[in-house]
Amino acid sequence: MTEVSSLTGRLLVATPALADPNFDRAVVLLIDHDEEGSLGVVLNRPTPVGVGDILGSWAGLTGEPDVVFQGGPVSLDSALGVAVIPGDEFPLGWRRVHGAIGLVDLETPPELLGPALGSLRIFAGYAGWGPGQLEGELTEGAWYVVESEPGDVSSPRPENLWRAVLRRQRSELAMIATYPDDPSLN
(Lines give C-alpha, C1' and ligand atoms only; values in the text may rest on other atoms or scores of the structure.)
Protein backbone atom coordinates (compact mmCIF):
# COMPACT_ATOMS: atom_id res chain seq x y z
CA MET A 1 0.00 0.00 0.00
CA THR A 2 1.39 3.42 -0.89
CA GLU A 3 1.73 6.17 1.68
CA VAL A 4 -0.74 9.03 1.23
CA SER A 5 0.33 12.45 2.48
CA SER A 6 -2.73 13.91 4.15
CA LEU A 7 -4.32 16.98 2.61
CA THR A 8 -6.89 17.23 5.42
CA GLY A 9 -7.72 20.86 6.11
CA ARG A 10 -6.44 22.13 2.78
CA LEU A 11 -8.47 23.54 -0.09
CA LEU A 12 -8.97 22.04 -3.49
CA VAL A 13 -9.55 24.82 -6.00
CA ALA A 14 -10.95 23.66 -9.33
CA THR A 15 -8.79 24.49 -12.33
CA PRO A 16 -10.52 26.18 -15.27
CA ALA A 17 -10.00 22.93 -17.21
CA LEU A 18 -12.05 20.79 -14.77
CA ALA A 19 -15.02 19.69 -16.87
CA ASP A 20 -17.32 18.25 -14.17
CA PRO A 21 -20.20 20.74 -13.71
CA ASN A 22 -20.49 19.71 -10.05
CA PHE A 23 -17.11 21.32 -9.47
CA ASP A 24 -17.02 24.24 -11.90
CA ARG A 25 -14.99 26.92 -10.05
CA ALA A 26 -15.49 25.00 -6.81
CA VAL A 27 -13.50 25.55 -3.64
CA VAL A 28 -13.52 22.33 -1.58
CA LEU A 29 -12.41 22.08 2.04
CA LEU A 30 -10.96 18.61 2.61
CA ILE A 31 -12.33 17.28 5.88
CA ASP A 32 -10.70 13.84 5.62
CA HIS A 33 -7.95 12.56 3.34
CA ASP A 34 -6.13 9.26 3.86
CA GLU A 35 -5.46 5.94 2.15
CA GLU A 36 -9.17 5.07 2.37
CA GLY A 37 -10.23 8.08 0.31
CA SER A 38 -11.20 11.71 0.71
CA LEU A 39 -14.19 13.71 1.85
CA GLY A 40 -14.77 17.43 1.57
CA VAL A 41 -17.40 20.13 1.25
CA VAL A 42 -17.79 22.71 -1.50
CA LEU A 43 -17.58 26.10 0.24
CA ASN A 44 -19.00 28.24 -2.54
CA ARG A 45 -22.36 26.68 -3.51
CA PRO A 46 -25.13 28.42 -1.53
CA THR A 47 -28.65 27.14 -2.10
CA PRO A 48 -31.87 29.16 -1.74
CA VAL A 49 -32.86 27.00 1.26
CA GLY A 50 -32.60 28.74 4.60
CA VAL A 51 -30.93 26.95 7.51
CA GLY A 52 -34.11 27.54 9.54
CA ASP A 53 -36.12 25.61 6.95
CA ILE A 54 -34.32 22.33 7.69
CA LEU A 55 -32.41 22.77 10.96
CA GLY A 56 -34.39 25.36 12.87
CA SER A 57 -32.44 24.97 16.10
CA TRP A 58 -29.20 25.94 14.32
CA ALA A 59 -30.69 28.97 12.53
CA GLY A 60 -29.29 32.19 13.86
CA LEU A 61 -25.91 30.59 14.59
CA THR A 62 -24.83 30.57 10.95
CA GLY A 63 -23.32 33.58 9.26
CA GLU A 64 -24.50 35.42 6.18
CA PRO A 65 -25.78 34.13 3.92
CA ASP A 66 -27.95 32.15 6.36
CA VAL A 67 -28.61 29.36 3.86
CA VAL A 68 -27.68 25.72 3.41
CA PHE A 69 -24.75 25.15 1.07
CA GLN A 70 -24.53 22.25 -1.37
CA GLY A 71 -21.46 20.49 -0.03
CA GLY A 72 -21.17 18.20 -3.04
CA PRO A 73 -23.03 15.70 -5.15
CA VAL A 74 -22.96 12.82 -2.61
CA SER A 75 -25.72 12.23 0.01
CA LEU A 76 -27.65 15.44 -0.56
CA ASP A 77 -30.15 14.31 2.07
CA SER A 78 -27.52 14.48 4.85
CA ALA A 79 -26.24 17.58 6.63
CA LEU A 80 -22.76 18.47 7.82
CA GLY A 81 -21.88 21.40 10.04
CA VAL A 82 -18.47 23.03 9.69
CA ALA A 83 -17.49 25.62 12.27
CA VAL A 84 -14.60 27.79 13.28
CA ILE A 85 -13.89 27.77 17.02
CA PRO A 86 -11.39 30.49 17.98
CA GLY A 87 -9.07 29.89 20.90
CA ASP A 88 -7.95 26.72 22.62
CA GLU A 89 -11.24 25.54 24.14
CA PHE A 90 -12.82 22.73 22.14
CA PRO A 91 -16.42 22.16 23.18
CA LEU A 92 -18.31 18.91 23.26
CA GLY A 93 -19.87 18.22 19.85
CA TRP A 94 -17.01 19.69 17.81
CA ARG A 95 -14.13 17.75 16.20
CA ARG A 96 -11.06 19.59 14.95
CA VAL A 97 -10.26 19.12 11.27
CA HIS A 98 -7.42 21.62 10.92
CA GLY A 99 -6.45 24.58 13.08
CA ALA A 100 -9.62 26.35 14.23
CA ILE A 101 -11.79 24.57 11.62
CA GLY A 102 -13.82 21.56 12.67
CA LEU A 103 -16.96 19.46 12.26
CA VAL A 104 -20.04 20.04 14.36
CA ASP A 105 -22.13 17.13 15.59
CA LEU A 106 -25.55 18.48 14.61
CA GLU A 107 -27.13 16.16 17.21
CA THR A 108 -25.49 18.25 19.95
CA PRO A 109 -27.84 20.84 21.47
CA PRO A 110 -26.95 24.18 19.82
CA GLU A 111 -26.96 25.87 23.23
CA LEU A 112 -23.82 23.91 24.15
CA LEU A 113 -21.87 24.98 21.08
CA GLY A 114 -23.37 28.37 20.28
CA PRO A 115 -21.29 30.47 22.69
CA ALA A 116 -18.02 28.94 21.40
CA LEU A 117 -18.74 29.32 17.67
CA GLY A 118 -16.82 31.88 15.67
CA SER A 119 -18.74 30.90 12.54
CA LEU A 120 -20.88 28.02 11.29
CA ARG A 121 -21.94 26.73 7.88
CA ILE A 122 -24.41 23.93 7.16
CA PHE A 123 -23.82 21.75 4.09
CA ALA A 124 -26.21 19.35 2.38
CA GLY A 125 -24.14 16.56 0.91
CA TYR A 126 -20.43 16.28 0.39
CA ALA A 127 -17.76 15.58 -2.19
CA GLY A 128 -16.15 12.15 -1.93
CA TRP A 129 -13.32 10.27 -3.59
CA GLY A 130 -12.39 6.61 -3.28
CA PRO A 131 -8.87 5.38 -2.53
CA GLY A 132 -6.42 6.97 -4.97
CA GLN A 133 -9.15 8.76 -6.94
CA LEU A 134 -8.29 12.27 -5.76
CA GLU A 135 -4.58 11.63 -6.29
CA GLY A 136 -5.41 10.69 -9.88
CA GLU A 137 -7.34 13.92 -10.38
CA LEU A 138 -4.44 15.90 -8.89
CA THR A 139 -2.01 14.19 -11.29
CA GLU A 140 -4.34 15.09 -14.19
CA GLY A 141 -4.24 18.75 -13.10
CA ALA A 142 -7.92 19.05 -12.16
CA TRP A 143 -7.26 20.80 -8.83
CA TYR A 144 -4.92 23.32 -7.25
CA VAL A 145 -4.12 22.47 -3.61
CA VAL A 146 -3.71 25.50 -1.33
CA GLU A 147 -3.80 26.30 2.37
CA SER A 148 -7.17 27.07 3.93
CA GLU A 149 -7.92 30.03 6.18
CA PRO A 150 -10.67 30.06 8.83
CA GLY A 151 -12.49 32.84 6.94
CA ASP A 152 -12.92 30.59 3.89
CA VAL A 153 -15.55 28.57 5.75
CA SER A 154 -17.74 31.59 6.40
CA SER A 155 -17.07 33.91 3.48
CA PRO A 156 -19.99 36.37 3.30
CA ARG A 157 -19.58 36.43 -0.50
CA PRO A 158 -19.19 32.77 -1.43
CA GLU A 159 -19.71 33.55 -5.12
CA ASN A 160 -16.33 35.35 -5.06
CA LEU A 161 -14.44 32.69 -3.08
CA TRP A 162 -12.82 30.95 -6.09
CA ARG A 163 -11.21 34.20 -7.26
CA ALA A 164 -10.38 35.37 -3.72
CA VAL A 165 -8.57 32.15 -2.79
CA LEU A 166 -6.54 32.19 -6.00
CA ARG A 167 -5.80 35.92 -5.75
CA ARG A 168 -4.18 35.53 -2.30
CA GLN A 169 -1.67 32.94 -3.53
CA ARG A 170 1.93 34.10 -3.79
CA SER A 171 2.59 32.33 -7.03
CA GLU A 172 1.44 32.16 -10.63
CA LEU A 173 -1.90 30.90 -9.26
CA ALA A 174 -2.83 34.50 -8.44
CA MET A 175 -3.05 35.18 -12.20
CA ILE A 176 -5.57 32.33 -12.65
CA ALA A 177 -8.04 34.45 -10.65
CA THR A 178 -8.42 36.65 -13.74
CA TYR A 179 -9.41 33.71 -15.95
CA PRO A 180 -12.73 34.67 -17.62
CA ASP A 181 -15.93 32.76 -16.89
CA ASP A 182 -16.29 32.04 -20.61
CA PRO A 183 -12.93 32.23 -22.41
CA SER A 184 -14.66 31.95 -25.81
CA LEU A 185 -15.95 35.50 -25.32
CA ASN A 186 -12.42 36.95 -25.35
Side-chain angles (χ1 to χ4, degrees), residues 6-15 18-34 36-85 93-108 110 113 117-131 133-135 137-138 142-166:
S6 180
L7 299 176
T8 298
R10 300 195 63 197
L11 297 178
L12 299 177
V13 180
T15 67
L18 184 60
D20 185 338
N22 289 305
F23 297 108
D24 181 45
R25 299 211 176 201
V27 177
V28 178
L29 172 67
L30 282 176
I31 293 171
D32 282 312
H33 176 252
D34 58 27
E36 296 177 20
S38 304
L39 181 140
V41 290
V42 179
L43 298 176
N44 58 337
R45 295 281 191 274
T47 71
V49 179
V51 171
D53 294 339
I54 61 164
L55 290 171
S57 61
W58 290 97
L61 293 174
T62 57
E64 289 299 320
D66 187 21
V67 297
V68 175
F69 281 66
Q70 184 174 341
V74 181
S75 292
L76 291 172
D77 57 346
S78 66
L80 288 170
V82 177
V84 174
I85 305 278
W94 183 80
R95 179 181 64 90
R96 179 197 302 251
V97 169
H98 177 75
I101 302 168
L103 282 174
V104 171
D105 177 356
L106 295 173
E107 298 295 319
T108 302
L113 278 168
L117 294 177
S119 64
L120 171 67
R121 275 272 148 83
I122 305 295
F123 297 90
Y126 62 90
W129 294 265
Q133 186 180 3
L134 178 58
E135 289 75 15
E137 291 182 16
L138 292 172
W143 301 98
Y144 305 119
V145 179
V146 301
E147 294 298 322
S148 64
E149 295 182 1
D152 297 332
V153 171
S154 59
S155 173
R157 303 210 40 207
E159 67 278 2
N160 295 337
L161 191 60
W162 186 84
R163 287 192 196 302
V165 168
L166 288 171

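By convention here, the first residue in the shown sequence is residue 1. Atom set for the values below is all heavy atoms of this structure, side chains included, hydrogens, waters and symmetry mates excluded.
The CG atom of D32 sits 12.0 Å away from the CG atom of L7 when rounded to the nearest 0.5 Å. The CG atom of L39 lies 9.0 Å from the OG atom of S75; values are rounded to the nearest 0.5 Å. To the nearest 0.5 Å, atom CD1 of residue I122 and atom CD1 of residue I54 are 7.5 Å apart. Atoms OG and CG, from S119 and L61 in turn, are 11.0 Å apart once rounded to the nearest 0.5 Å. Here CG of L106 is found 7.5 Å from CG of L120. Values are rounded to the nearest 0.5 Å. To the nearest 0.5 Å, atoms CH2 (W58) and CG (L117) are separated by 6.5 Å.
Under the side chain to side chain contact (heavy atoms under 4.5 Å, CB included) criterion, V97 pairs with T8, I31, L103, sequence neighbours left out. For D152, the side chain to side chain donor-acceptor pair (under 3.5 Å) criterion is met by R168, not counting sequence neighbours.
Of all non-hydrogen atoms in L55 and A79, the two that sit nearest each other are CD1-CB, 4.2 Å. Residues G128 and V74 approach most closely at N-CG2, 4.1 Å, considering heavy atoms. Summarising the geometry of F23 relative to L18, their closest heavy-atom pair is CB-CD2, 3.5 Å, with the distance given to 0.1 Å. Minimum interatomic distance between A59 and G52 (heavy atoms only, all atoms of both residues): CB-CA, 3.6 Å. Shown here for S38 and H33, the closest heavy-atom pair between the two residues is OG-CD2, 2.7 Å.
Looking only at side-chain heavy atoms (C-beta outward), L138 and L12 come within less than 4.5 Å of each other. Contact check for L76 versus Q70: side-chain heavy atoms found under the 4.5 Å cut-off. In this structure the side chain of P65 reaches within 4.5 angstrom of the side chain of R121, judged on heavy atoms. Two residues are said to be in side-chain contact when any heavy atoms from C-beta on lie closer than 4.5 Å; L43 and V28 fail this criterion. Residues F69 and T62 are not in side-chain contact: their nearest non-hydrogen atoms beyond the backbone lie 4.5 Å or more apart.
Not one N or O on the side chain of S6 forms a donor-acceptor pair closer than 3.5 Å with the backbone of D34. In terms of modelled atom types and a separation under 3.5 Å, the side chain of T47 and the main chain of V68 share a donor-acceptor contact. Of the possible donor and acceptor atoms, one in the side chain of S148 sits under 3.5 Å from a partner among the backbone N and O of G9. In this structure a side-chain-to-backbone donor-acceptor pair under 3.5 Å is present from W162 to A14. A donor-acceptor distance shorter than 3.5 angstrom exists from the side chain of T15 to the backbone of A142, with no hydrogens or angles considered. The main-chain N or O of F123 is never found under 3.5 Å from a side-chain atom of R45 such that the two would form a donor-acceptor pair.
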**OP:** Could you check W143 against L134 for side-chain contact (heavy atoms from CB on, under 4.5 Å), going step by step and ending with a plain yes or no?
**Re:** CA-CA 9 Å; W143 301 98; L134 178 58; 4.0 Å; yes

Original post:
What do the steps show when you test H98 against R10 for side-chain contact (heavy atoms from CB on, under 4.5 Å), and what is the final call?
Top reply: CA-CA 8 Å; H98 177 75; R10 300 195 63 197; 5.8 Å; no

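Test L11, V42, N44, V13 against L161 for side-chain contact (heavy atoms from CB on, under 4.5 Å) and you get one pass: N44.
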